[in-house]
Amino acid sequence: SSSTPDYFTNCSWLSYLFFAFPFPVLKLGNSKVLDLQDLPPAPSSCKSEVLVERFLQAWEAQSNGERSIVKALWKCLWKDILKTGFFALLKGVGVLSGPIFLYFFVDYASGNERFKNEGIILVVCLALLKLMENLGQRHWYFGVRVLGGKIQSIIMGAVYQKELKLSSKGRRNHGVGEIVNYISVDVHRLLEFGWRFHWSWVVILIFIGSMSISSSVVGMATLPAAILVVVIMASVSPLIKSMQKAQMKFMSTQDERLRTTTEVLQGMKIIKLQAWEEKFDAFIQLKRQSEYEYLAETQHKRNYTTIIYWLMPTVLTCVVLISSLLLGKTLTSTVVFTVLATFRIIQDPVRMAPEVLATFIQAQISFDRLQKFLQEDELPVDESLIHDSTNGANGAYSTLDLYRIRVDNATLSWDPEGLAKPSLEDLNLVVKKGEKVAVCGAVGAGKTSLLLALLGEIPKLSGSVSEISLVSTVNI
């Protein structure tokens with residue numbers, strides 16, 4: 001409702017910082033059941049029509065053959081990406097501050113006071129840093145949820161707009177089941193990608209920071225742990241590539257199964273009439289079995305990476321402590337607690353690593369699939385159809401108003417390059433205003449092709465197809 005204010009856009013910075021902007025709605029909901037008009041409108045920056053329009057403009061601005069969904073999304077959402085990245089950075093800095101303050105706290109408790117009132121200052125600084133970390137994490141998670149929703153709206157709107165303009169050649173390459181797969185599966189994976197995106201560099205930041213803290217405490221004893229990390233990453237790299245290949249095969253077999261299922265459902269009357277249900281069911285199950293094999297392969301390899309990453313923090317802690325003993329380092333309480341805390345903070349980020357890797361692999365495949373779809377051949381509207389609604393002198397309609405559809409010497413073919421035999425050749429047709437026309441003919445005579453030609457969905461090789469108004473079809 002226009003009378004309901006936009007609490008999110010009009011809130012103060014303090015209200016936004018502590019998430020106080022939804023309080024008016026919560027207060028109203030506590031007093032009565034909320035109606036639709038009680039809900040605030042969506043901010044203009046979150047409306048689908050605005051986001052899709054901006055994305056399509058950024059997409060069309062790129063050169064043909066070099067168009068990238070990632071670049072178009074960056075032009076539309078770079079502010080949201082940088083803002084959420086800043087909050088993710090605050091979270092990373094807050095996490096890394098924990099072992100550092102622990103080192104000074106243990107050292108202070110041991111009787112080494114560096115300056116006056118050190119304990120009070122350490123407590124105040126730690127409280128402020130943890131407040132910053134908590135707020136950064138909340139705003140990071142809130143921001144990436146909004147960012148993921150924007151990506152979802154943009155891609156769904158772009159796929160819908162493209163599907164309306166898809167030519168017959170494009171429809172042969174992308175069936176109904178595949179297009180549904182783009183909206184349901186690929187868009188969901190891009191939504192997860194928006195959620196996991198910043199974890200990719202936050203994990204690296206925390207890991208490098210932890211190794212630096214450990215190096216400052218135990219010195220060269222950290223070197224064996226760093227070498228072990230490099231060896232593990234190198235050994236896991238082929239496994240990640242094989243996961244990506246298995247995921248690509250899984251998506252292709254899933255598209256094939258959906259295409260087959262759609263064709264079976266479209267011909268269900270004939271299948272029932274001929275009692276072919278069991279044969280087609282076995283055929284679809286065979287497709288599903290191949291899909292299951294690739295899915296199982298992906299999940300098994302994902303489990304291997306999960307085990308490796310989950311064990312890494314514990315192994316690294318043991319390696320550092322053993323190396324310290326071998327190098328003759330004195331393991332005081334300050335050193336031991338700091339090392340344990342340092343490698344404790346990397347447990348959660350490192351355990352996120354398999355999920356982040358899987359998300360990036362799936363997102364890359366989804367980006368490639370959607371990018372290929374959005375660059376498919378479109379209906380040549382300007383060449384196939386002429387929508388004539390011009391007025392004559394004094395506001396009177398011209399002679400074109402005598403007909404609703406007119407086809408003159410049109411030759412149309414499913415092959416836009418004209419290599420195959422034309423589906424309709426030297427076609428002439430006039431449908432006047434108010435007429436009812438029945439199209440009759442044998443199977444394969446071209447009745448459906450004629451209707452699709454009037455809709456402009458068959459490439460026109462010569463002649464003209466004109467309409468006085470927009471034409472649509474209804475299946476009965």
Side-chain angles (χ1 to χ4, degrees), residues 49 56 60 157-180 259 262-263 265-270 273 373-374 376-476:
E49 57 268 25
L56 293 178
E60 296 294 338
V159 170
Y160 173 75
Q161 295 291 339
K162 182 67 178 183
E163 199 272 338
L164 295 178
K165 300 184 291 183
L166 207 60
S167 68
S168 57
K169 180 181 178 182
R171 293 182 187 277
R172 288 199 301 270
N173 296 332
H174 305 271
V176 176
E178 292 177 77
I179 296 176
V180 171
R259 183 193 293 265
T262 303
E263 293 176 357
L265 292 175
Q266 290 175 348
M268 186 54 68
K269 290 183 180 179
I270 298 175
L273 180 64
F373 174 73
L374 292 179
E376 272 293 348
D377 188 53
E378 297 182 358
L379 287 171
V381 178
D382 296 335
E383 298 179 2
S384 293
L385 297 178
I386 304 174
H387 298 290
D388 198 330
S389 58
T390 56
N391 292 339
N394 300 323
Y397 282 102
S398 64
T399 55
L400 293 176
D401 190 39
L402 298 176
Y403 62 82
R404 281 290 178 261
I405 299 173
R406 180 166 181 170
V407 183
D408 295 317
N409 299 323
T411 300
L412 304 104
S413 174
W414 289 106
D415 182 11
E417 299 178 357
L419 300 178
K421 182 180 179 180
S423 303
L424 298 171
E425 196 169 2
D426 296 330
L427 180 64
N428 292 279
L429 175 66
V430 172
V431 178
K432 296 181 180 180
K433 182 178 180 180
E435 281 188 331
K436 296 180 179 179
V437 180
V439 181
C440 304
V443 176
K447 302 184 295 298
T448 303
S449 298
L450 173 60
L451 296 177
L452 293 177
L454 300 179
L455 292 173
E457 296 192 11
I458 299 182
K460 177 173 60 67
L461 303 181
S462 62
S464 64
V465 179
S466 56
E467 303 170 354
I468 193 65
S469 60
L470 297 176
V471 176
S472 61
T473 61
V474 177
N475 294 325
I476 300 177

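Reckoned from all heavy atoms, side chains included, excluding hydrogens, waters and symmetry mates. We number each residue from 1, following the sequence as shown.
Separation of atoms CG (L374) and CG (L56) is listed at 8.5 Å; rounding is to 0.5 Å. Taking CG from L427 and OG from S462, the interatomic distance works out to 10.5 Å, rounded to the nearest 0.5 Å. Annotation: the span from E376 atom CD to E163 atom CD amounts to 12.5 Å, rounded to 0.5 Å. F373 contributes atom CZ, which lies 4.5 Å from atom CD1 of I179 (distance to the nearest 0.5 angstrom).
Closest approach of P422 and T411 over heavy atoms only: CB-CG2, 3.7 Å.
At most 12 non-hydrogen atoms from other residues, nucleotides or ligands lie less than 6.0 angstrom from CD1 of I270.
Considering only heavy atoms from C-beta on, K162 comes within 4.5 Å of L166 through its side chain. Under the 4.5 Å side-chain criterion, counting only non-hydrogen atoms from C-beta, N428 is in contact with N409. Contact check for L429 versus R406: no side-chain heavy atoms found under the 4.5 Å cut-off.
In terms of modelled atom types and a separation under 3.5 Å, the side chain of K432 and the main chain of I405 share no donor-acceptor contact. A donor-acceptor pair under 3.5 Å is formed between the side chain of K447 and the backbone N or O of G441. Judged purely by atom type and a 3.5 angstrom limit, K165 has no side-chain atom pairing as donor or acceptor with the backbone of D377.
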